[in-house]
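Worksheet: the structure to be examined is printed underneath.
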Amino acid sequence: MKVLVIGSGGREHAIVWKLKKSKKVDKIFCAPGNAGISKIAKCVNLKVESTKALVEFALRNKIGLTVVGPEVPLAKGIVNEFQKKKLKIVGPSKEAAKIESSKVFSKNFMKQYHIPTAPFKTFKIYAEAIGFCNSAQFPLVIKADGLAAGKGVIIVKNIAEATKALEDIMMTKVFGNAGTQVLIESFMVGQEVTSMAVSDGKNIIPLLPSQDHTQAYAGDKGPNTGGMGAFCPTDFVTKDVMTQIFDHVLAPTIHGMSQEGIPFKGVLMAGLMLTDAGPKVLEFNCRFGDPETQAVLPLLKTDLAELMLTSVNQTLSSFPKLSWRQGSSACVTIASKGYPGKYNKGIPIKGLHDFKEENCFAFHAGTALKEKKLVTAGGRVLGITGTDKNLQLALDRAYRGVSKIKFNGIMFRKDIGFRVLKKK
Ligand code: GLY
């Protein structure tokens, strides 16, 4: 079978790397891919949003399965267009992708189906949002309704911060139309966990839980990024907690979406807070997480192509139990100075051509080849994943890998996993 993976980040490199191990897969294309992906798959110069061209490419090349990495093409309806041509594609329809593309839809859905989440209010009028904040208890979380590349969630500690956030989102429109409506919710305290799960619209199978570090700086401080590191599994998610996540979040979400007439197929990612009152949803995503995928997939023994096909073919109920490697996995993101703000591109990267560290994988994100030399091409440049018997050893391995990489303005967090390790 020929497979097409859509996207160009570390997540897509990890997906391609894992699909490459499948006996079912003969050839992998990736659109547009990156320098690392080009070593193991054929990169195709098509943008992730060029739906028409991607459909034509899939038809012309007899693609048997397409896997979509990022949320934007899903929110724009790429799955609907592929399905019109009877092409097999993993992911939710445009309508079901609203679970990520509209936070207001997502929260109202959770309320309707009694899926635990923080109490919230929605606002289209700036003055009303300010009025609410004036009499609310801080801290609060202010979220732009639409997609904002992971930057549309702002935690505010007082009315001055709330006013600034609401002005930015609703008046200055720093996130464009994504800020036409806002959602204001209570701040939740606890340990965060990501639960990714594969669904065929009726059934859902969770992958191992993971935790990511969104903030740019040590101690989970500083601006939000796409993700500075992740690890898997999360020992604090006991069997009992996983059962709660399944029974109270994953299963009712799949049931509810089906009841609404918009069954969710593909990868559902629940960002959760483990509160004293049990797991509560921070947000849903309609795709694999980045960098969670780079930490989770190296531990998965099950054939990813077969798992993805069960989502499309609606055969998840008869799919064997997922099989996992023992031990832990940790991914450290290497970024370029300035990220998540402005950063330079085209900086030569050293240390990758002879990168050899056992059980350590260098997943490329923002990389490109310029005159046959590897250079930076994005804010997040690489994700180095280490696997080993336990989290500390996996992290040691990942950081040994990180130490081999050099470029001007290299930046990475040195404390991935600190929330778990400091408790030991
Ligand atoms: N790591 C969070 C995300 O993929 O949205």
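Please read all numbers here as calculations on a predicted model, not as lab measurements. Counting starts at 1 for both ligands and their atoms, in listed order. For reference, positions follow the sequence shown, starting with 1.
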> Do Asp415 and Lys221 sit within salt-bridge range, that is, some charged N less than 4.0 Å from a carboxylate O?
Replying inline: no
>> Run the salt bridge (charged side-chain N to carboxylate O under 4.0 Å, His left out) test against Lys103 and tell me which residues pass, sequence neighbours left out.
In response: none
>> Check contact between Gly226 and ligand 1, using heavy atoms of the residue and a distance below 4.0 angstrom.
In response: yes
> Passes ring pair (Phe, Tyr, Trp, His ring centres under 6.0 Å), Phe109 versus Phe284? Steps please.
Replying inline: CA-CA 11 Å; Phe109 168 80; Phe284 281 121; 7.1 Å; no
> Quick one: which ligand 1 atoms are inside 4.0 Å of a heavy atom on Gly289?
Replying inline: 4 (O)
> Which atoms of ligand 1 have any heavy atom of Met269 under 4.0 Å away?
Replying inline: 2 (C), 3 (C), 4 (O), 5 (O)
>> Applying side chain to side chain contact (heavy atoms under 4.5 Å, CB included), can you list everything that pairs with Thr234, at least two apart in sequence or on another chain?
In response: Val193, Pro209, Gln211, Phe231, Phe236, Val237
> With a 4.0 Å cut-off on heavy atoms, does Gly227 reach ligand 1?
Replying inline: no
> Do any nitrogen or oxygen atoms of Asp290 lie less than 3.5 angstrom from nitrogen or oxygen atoms of ligand 1?
Replying inline: yes
> Any cation-pi pair here, Lys414 with Phe412, using under 6.0 Å and within 45°?
Replying inline: yes
> Hey, what do you get for NZ (Lys350) to CD1 (Ile405), rounding to the nearest 0.5 Å?
Replying inline: 12.0 Å
>> So is Arg11 touching ligand 1 or not, going by heavy atoms under 4.0 Å?
In response: no
>> I'd like to know if Glu81 pairs up with Lys84 as an ion pair, taking the criterion as any Lys NZ or Arg NE/NH1/NH2 lying under 4.0 Å from an Asp or Glu carboxylate oxygen.
In response: yes
> Tell me: protein heavy atom nearest atom 2 (C) of ligand 1, and distance?
Replying inline: Asp212 OD2, 3.6 Å
>> Starting from atom 5 (O) of ligand 1, what is the nearest protein heavy atom, named by residue and atom, and what distance separates them?
In response: Arg287 NH2, 2.8 Å
> Can you tell which part of Glu292 has a heavy atom less than 4.0 Å from ligand 1: side chain, backbone, both or neither?
Replying inline: side chain
